[in-house]
Each structure stands twice: as structure tokens, then as C-alpha cells.
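The structure presented is a predicted model; accordingly, all values stated were derived computationally and were not measured. Here, residue 1 is the first one in the sequence, and each next residue gets the next number.
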Amino acid sequence: MASSLLSLALNHSLDPTIAMTGELTVTGKVLRIGGLREKTVAARRAGATKIIFPADNTSDWLELPEVKGIEGHAVSWYSEVFDLLFTGLDKDAANHIWQKELAEKSKNKSAKDNEDDD
């Protein structure tokens, strides 16, 4: 969900052949999940060529029989997911993409508040 929202906010579409699983904390830590084997098989059947999964599940990944046509990426933090999904995106520009819009909204709100005071 976090990746979908970022994709929308950054106007940068995601690669539909990348699957991902994991629980994300508010600080960006990617937590262990269950059923990596089943999720990997389902992702491959759905056409995924890459799967992003929690680093804490690396031992589960290593126990899988080779799944042809899918590449695994173990991650610990969302910043690693971001780097895999948003390749070629200028991070500095992404960090400031909403700055202008937010400043304008703040300016409009201040002007409206001043009108209400009159």
C-alpha cells in the first residue's frame, strides 16, 4: 500500500512484474511474514519476475526449491524497497515534489484566515 501511494504521489508507475510481501512499521522497518513459499509460487504464476520480501525471511527463501524465472530481493527497510521500485527517480526532486503545492495551500489558508478576521 505504501508503494502504491508513493507511486501516485510521485506520478511514477510501478513495474507490474515486481511482487512484494511484508509488513511495514511506521518507521519503515519491513517485518517477517509467513507463507513465503506460497506467495512466491503465486507471484510467479501471476507473471512476476521479481519478489521483494523481508530480510528476516531469507532462511525461508533459501529453503525454497529453485523457482525459475523469479528473482528474490530481501529487504530490511522501506528505503531498500524504494530503491528497487523507483529506479531512475531523482530522490532530491521527489523529496521536494509537494513543497510548492503545500506552500501555496498554506498561503491560501493564511489569506482566508485574514479575511475571516476582518
Side-chain angles (χ1 to χ4, degrees):
M1 266 177 75
S3 298
S4 295
L5 292 173
L6 273 172
S7 171
L8 181 63
L10 298 173
N11 195 27
H12 187 281
S13 60
L14 297 175
D15 181 347
T17 65
I18 299 177
M20 57 190 110
T21 185
E23 183 180 349
L24 188 62
T25 69
V26 295
T27 60
K29 174 86 173 127
V30 180
L31 301 178
R32 181 178 181 80
I33 49 92
L36 183 61
R37 167 187 227 132
E38 293 79 8
K39 291 174 183 177
T40 301
V41 170
R44 184 64 201 115
R45 284 186 185 151
T49 58
K50 289 183 186 177
I51 185 167
I52 302 170
F53 61 89
D56 288 344
N57 285 96
T58 300
S59 62
D60 299 331
W61 176 260
L62 295 173
E63 289 176 5
L64 286 176
E66 183 180 343
V67 180
K68 292 190 189 265
I70 195 160
E71 175 184 325
H73 294 274
V75 296
S76 297
W77 294 94
Y78 187 78
S79 60
E80 298 167 73
V81 176
F82 186 93
D83 291 342
L84 289 165
L85 295 178
F86 297 98
T87 55
L89 184 69
D90 180 355
K91 283 187 181 181
D92 190 46
N95 284 332
H96 297 95
I97 197 164
W98 291 98
Q99 193 170 28
K100 180 181 175 184
E101 286 83 355
L102 292 173
E104 189 169 312
K105 285 192 183 289
S106 179
K107 179 181 167 185
N108 290 342
K109 184 178 180 331
S110 294
K112 184 173 175 14
D113 288 346
N114 287 337
E115 287 176 6
D116 291 343
D117 290 342
D118 292 339

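- Across V81 and S3, no two heavy atoms sit closer than the pair CG1-OG, 4.1 Å.
- When all heavy atoms of A74 and T58 are compared, the closest pair comes out as CB-OG1, 3.6 Å.
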Step-by-step side-chain contact (heavy atoms from CB on, under 4.5 Å) determination, L24 to L31: CA-CA 6 Å; L24 188 62; L31 301 178; over 6 Å; no
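- Screening residues 45-54 for salt bridge (Lys or Arg N to Asp or Glu O under 4.0 Å), with sequence neighbours left out, gives no hits.
- In this structure, the side chain of K39 engages the main chain of G34 through a donor-acceptor pair within 3.5 Å.
- T25 and Y78 share no side-chain donor-acceptor pair at under 3.5 Å.
- Rounding to the nearest 0.5 Å gives a distance of 10.0 Å between CG of L36 and CD of E63.
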Scan the side chains in residues 5-15 for donor-acceptor partners under 3.5 Å anywhere in the protein, sequence neighbours excluded, and list what turns up.
{"from": "S7", "atom 1": "OG", "to": "H12", "atom 2": "O", "distance (Å)": "2.6"}
{"from": "D15", "atom 1": "OD1", "to": "T17", "atom 2": "N", "distance (Å)": "2.8"}
{"from": "D15", "atom 1": "OD1", "to": "T17", "atom 2": "OG1", "distance (Å)": "2.7"}
{"from": "D15", "atom 1": "OD2", "to": "T17", "atom 2": "OG1", "distance (Å)": "3.2"}

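- Here the straight-line distance linking atom CZ of R32 with atom CG of D60 works out to 4.5 Å at 0.5 Å rounding.
- In terms of hydrophobic clustering, with Ile, Leu, Val, Met, Phe, Trp and Tyr side chains grouped at heavy-atom distances under 4.5 Å, L85 and L89 are assigned to a common cluster.
- Residues V75 and I18 share a hydrophobic cluster, clusters being chains of Ile/Leu/Val/Met/Phe/Trp/Tyr side chains in contact below 4.5 Å.
- The nearest pair of heavy atoms linking I51 to A43 is CD1-CB, 4.4 Å.
- In the hydrophobic cluster analysis, where Ile, Leu, Val, Met, Phe, Trp and Tyr join through side-chain heavy atoms closer than 4.5 angstrom, F53 is grouped together with L64.
- Residues W77 and L84 are members of separate hydrophobic clusters, defined by side-chain heavy-atom contacts under 4.5 angstrom among Ile, Leu, Val, Met, Phe, Trp and Tyr.
- Applying the salt bridge (Lys or Arg N to Asp or Glu O under 4.0 Å) definition to pairs two or more places apart or across chains, those involving residues 73-86 are D83-K91.
- A heavy-atom distance below 4.5 Å is found between the side chains of P65 and R37.
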